[in-house]
Amino acid sequence: MDDKVNIKTRNSENKFFNLYKIVQERESFLSNDAKIVQYNAILNFYMKFLQQNESVSPSIMTVLFWIYVKLGDIYYEEALQSQDNSKYFLAVGYYNQSLLYTRYPEERNRVLLALKDIYYYIGDEDALVKVEESWAENHNEKDKFAAYMLLAKTAEVPQIKVLFLEKALDEVMRQDESFYTKYQDTLNVCSQLIAIYELLGDNDKVKRVRDLRERTLKLLN
């Protein structure tokens, strides 16, 4: 009985890969509407015959990731041309589905950057900040500080800027870099935070960060 199930599963998987290969080979000759129909047909095949398995093979995960990304890309490009928010939302749906099948940080970053742009275009600030945080967290420990500093630099709203600067400060505290690098990074972040908290009139946070800066300066005395 198990052998029959395994054979059926292998046959279904092979058909799934063949269907994807066929659409890939035809892709350059297909309209966007045709691509949408055919890639969704492959997804429907997967849902019907393969999703009953408790686990998904790495190869299937890769194909599913790229199908969802390709569908997301189609709607994203159409939305850019037409400025149709409904297409942006469709793109978001497919991109979020693709995140379920990412296997590598590079794949995840590819999708998060597309989502970041979409949320910026449609003006969804809350979703944008969440995606930017996910993008920064997707970096390795060594690069997270630089990622948060970049987000802080490009943030247009003071409250968002301090959010990313605080996260950058947390990363500095966890750094295993040289003492001098950690010292300089701490002072840099503290100076920026003090300026923004003063602008916002948050005296308690100004005092907290100033105290940290003073303690840091004393380390070299």
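Numbering starts at 1 and runs along the sequence shown.
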Excluding Leu165, membership of its hydrophobic cluster (Ile, Leu, Val, Met, Phe, Trp, Tyr; side-chain heavy atoms within less than 4.5 Å) reads Phe145, Met149, Val162, Leu169, Val172, Met173, Val189, Leu193, Ile194, Ile196, Tyr197, Leu200, Val206, Val209, Leu212
Transitive ILVMFWY cluster of Phe29 at side-chain heavy atoms under 4.5 Å: who else is in it?
none
Please list, chain by chain and in numerical order, all residues satisfying salt bridge (charged side-chain N to carboxylate O under 4.0 Å, His left out) with Lys207, sequence neighbours excluded.
Asp211
Side-chain donor/acceptor pairs under 3.5 Å, residues 150-161, sequence neighbours excluded:
unit_1 : atom_1 : unit_2 : atom_2 : d
Thr154 : OG1    : Leu150 : O      : 3.1
Thr154 : OG1    : Leu151 : O      : 3.2
Lys161 : NZ     : Ala152 : O      : 2.6
Lys161 : NZ     : Ala155 : O      : 3.3

Please list, chain by chain and in numerical order, all residues satisfying salt bridge (charged side-chain N to carboxylate O under 4.0 Å, His left out) with Lys167, sequence neighbours excluded.
Glu133
If the plane angle is over 60° it's perpendicular, under 30° parallel, otherwise tilted; pick one for Trp135 and His139.
perpendicular
Which pair of non-hydrogen atoms, one from Lys144 and one from Ala136, has the smallest distance, and what is that distance?
CG-O, 3.5 Å
Please assess Arg108 against Glu137 for the test salt bridge (charged side-chain N to carboxylate O under 4.0 Å, His left out), listing each intermediate value before the final yes or no.
CA-CA 11 Å; Arg108 190 170 182 82; Glu137 285 298 314; over 6 Å; no
At their closest point, which heavy atom of Met61 faces which heavy atom of Tyr101, and how far apart are they?
O-CB, 3.5 Å
Between Met47 and Leu100, is there a shared hydrophobic cluster once you connect ILVMFWY residues whose side-chain heavy atoms come closer than 4.5 Å?
yes
From Arg26 CZ over to Lys35 NZ, what is the distance, rounded to the nearest 0.5 angstrom?
13.5 Å
Please test Leu99 against Leu115 for side chain to side chain contact (heavy atoms under 4.5 Å, CB included), starting from the C-alpha separation and ending with a verdict.
CA-CA 11 Å; Leu99 291 174; Leu115 286 169; 4.1 Å; yes
Stepwise side chain to side chain contact (heavy atoms under 4.5 Å, CB included) test for Arg208 and Asp204
CA-CA 6 Å; Arg208 172 176 64 81; Asp204 289 341; over 6 Å; no
If hydrophobic residues (ILVMFWY) are linked whenever their side-chain heavy atoms come closer than 4.5 Å, directly or via other members, who joins Val37 in its cluster?
none
Of all heavy-atom pairs between Ile42 and Tyr20, which one has the smallest distance, and what is that distance?
CD1-CA, 3.6 Å
Sequence-distant partners of Asp202, side chain to side chain donor-acceptor pair (under 3.5 Å), two or more places apart
none
Linking Ile, Leu, Val, Met, Phe, Trp and Tyr through side-chain heavy atoms less than 4.5 Å apart, which residues share a cluster with Ile22?
none
Can you sort out the partners of Arg215 under salt bridge (charged side-chain N to carboxylate O under 4.0 Å, His left out), two or more places apart, ordered by chain and number?
none
Glu107: partners by side chain to side chain donor-acceptor pair (under 3.5 Å), with sequence neighbours left out:
none
Side chain to side chain donor-acceptor pair (under 3.5 Å) partners of residues 113-123, not counting sequence neighbours, each pair once:
none
Could you check whether any side-chain heavy atom of Tyr148 comes within less than 4.5 Å of a side-chain heavy atom of Asp170, counting everything from C-beta outward?
no
To the nearest 0.5 Å, tell me how far Leu112 CG sits from Glu132 CD.
10.5 Å
Point-to-point distance, once rounded to the nearest 0.5 Å, from CD of Gln192 to CG of Leu187:
11.5 Å
Nearest-0.5 Å distance, CG of residue Leu30 to OH of residue Tyr39:
8.0 Å
Anything under 3.5 Å between a donor and an acceptor, one on a side chain of residues 63-82, the other on a protein residue two or more places apart or in another chain? List them.
unit_1 : atom_1 : unit_2 : atom_2 : d
Lys70  : NZ     : Glu27  : OE2    : 3.4
Asp73  : OD1    : Tyr95  : OH     : 2.5
Asp73  : OD1    : Arg110 : NH1    : 3.0
Asp73  : OD2    : Arg110 : NH1    : 3.4
Asp73  : OD2    : Arg110 : NH2    : 2.8
Glu78  : OE1    : Lys87  : NZ     : 3.2
Glu78  : OE2    : Asn32  : ND2    : 3.2
Ser82  : OG     : Glu78  : O      : 2.8
Ser82  : OG     : Asp84  : N      : 3.4

If you measure from OG1 on Thr102 to CG on Asn138, what distance do you get to the nearest 0.5 Å?
7.5 Å
Rounded to the nearest 0.5 Å, what separation is found between the OG atom of Ser59 and the CZ atom of Arg103?
7.0 Å
